[in-house]
Protein chains: 2
Amino acid sequence: MATRPGTTMNTIDRLLSSELAGEIEFLTARTRSLGSARANMLLEPLDLKVRSYSVLSLACSGLAPTQRELAEFLSLDPSQIVPLVDQLEGRGLVERTADPNDRRSKVITGTKSGEQLYTKAREATAEGEAVAMAKLSKAEQETLRDLLSRIAFRD
Amino acid sequence: MATRPGTTMNTIDRLLSSELAGEIEFLTARTRSLGSARANMLLEPLDLKVRSYSVLSLACSGLAPTQRELAEFLSLDPSQIVPLVDQLEGRGLVERTADPNDRRSKVITGTKSGEQLYTKAREATAEGEAVAMAKLSKAEQETLRDLLSRIAFRD
DNA sequence: CTTAATCGTTGACTTTATCAAGAGTTTAAG
DNA sequence: CTTAAACTCTTGATAAAGTCAACGATTAAG
């Protein structure tokens, strides 16, 4: 399928007719690439990245996750959680507490200043999300959230 | 918000009530992480990964993309395209051709054997997509594709 | 003709991903 | 109770991916 001569088309519009452009795998990859780039920009003034923000968010959720749980939920290797928590703990934003029920595990919880920073960070990611979904109606946004949630957590 | 004692909950169900679990940014990141892991598994017998598959797909699309266009469409740095094309070209799957209109650019096109491999690879990724979207109705699948496409290519 | 901009490529460097092994803790079996 | 197996965090090695500046060749602008 060739481009009609005479029409000026940018790269994206041209390749949009490819089979790849219709694949969910590709669409999610591109969406998350653009989204995390923007989120990282918005989080930079707070010295956070998407990764550290995600850990901080769960730490401040009141759900008292262990590092193992963070790794599973965030699709990361347990060994990747260690330096993330190290850094946040070093800044006084989260705390490691030995789980009294199972002293192998360490529960990660947000400190006061951790929660204060999280509040600001949450505003940043909310803004990023608003920008990303600007072209969707509120109803469509909720539909997208529901559909993605169901395929991200099937099982 | 604490878990009711007496109920046994796995990690994912517990953390599903977190604020993070409702963020599009997080949902797309998790979806693509699970999806690309599965796609890589299914593509492994063909000695392809999601990355090389994507390049092969666009090379076989008939749209004759340049390396620059591949980079932009795939959200990659131009320097990352080089070894990807090198590898595919070394296997005789794609060809680099100097663009006659602009000899700075190199157009990437699939060879006969490249197209044959792409046919098989496309079946693999289609199966992966079917697994990922198993819990969604056909109508919901098309809705998801449309919504994602609109936020992946806004502008 | 000169200058600036673009494309592919290379190389250096940082970040992220993957994997095996170890110390401490808990669970299960005998 | 004791021993073996399984689990959690941590470390370290290694591979893969991302970022960025610079260069030769080519094209576009003035």
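Side chain Arg104(A) to base dC9(D): no donor-acceptor pair is found below 3.5 Å. The base of dC9(D) has none of its N or O atoms less than 3.5 Å from a complementary donor or acceptor on the side chain of Ser79(A).
If you check dG18(D), dT26(D), dG8(C) against the side chain of Gln80(B), the one that comes closest is dG18(D). Comparing dC19(C), dC7(C), dC9(D) by their nearest atom to the side chain of Arg68(B) picks out dC7(C).
Side-chain N/O atoms of Arg122(A) and Thr125(A) include a donor and acceptor closer than 3.5 Å. In this model, no donor atom of one side chain and acceptor atom of the other lie less than 3.5 Å apart for Tyr118(B) and Glu123(B).
Using a 4.0 Å cut-off between a side-chain N of Lys or Arg and a carboxylate O of Asp or Glu, Asp146(B) and Arg150(B) qualify as a salt bridge. A salt bridge links Arg14(A) to Glu69(B): at least one charged side-chain nitrogen sits closer than 4.0 Å to a carboxylate oxygen.
Not less than 6.0 angstrom separates the ring centroid of Phe26(A) from the ring centroid of Tyr53(B).
The residue Arg103(B) sits close only to the backbone: its heavy atoms come under 4.0 Å of sugar-phosphate atoms, none of a base. Using a 4.0 Å heavy-atom criterion, one finds that Leu76(A) contacts the sugar-phosphate atoms exclusively.
For the helix from dC1(C)-dG30(D) to dG30(C)-dC1(D), the end axes, each set by the C1' atoms of five terminal pairs, are bent relative to each other by 30° (nearest 10°).
Heavy-atom contacts from other residues, nucleotides or ligands closer than 6.0 Å to CD of Glu44(B) number 12 or fewer.
Two residues are said to be in side-chain contact when any heavy atoms from C-beta on lie closer than 4.5 Å; Ser52(A) and Lys49(A) meet this criterion.
Taking every heavy atom of residues 26-54 of chain B and every atom of DNA chain C, no pair lies under 4.0 Å.
Map Asp86(A) and Ser105(A) each onto its nearest nucleotide of DNA chain D; the residue landing nearer the 5' end is Ser105(A).
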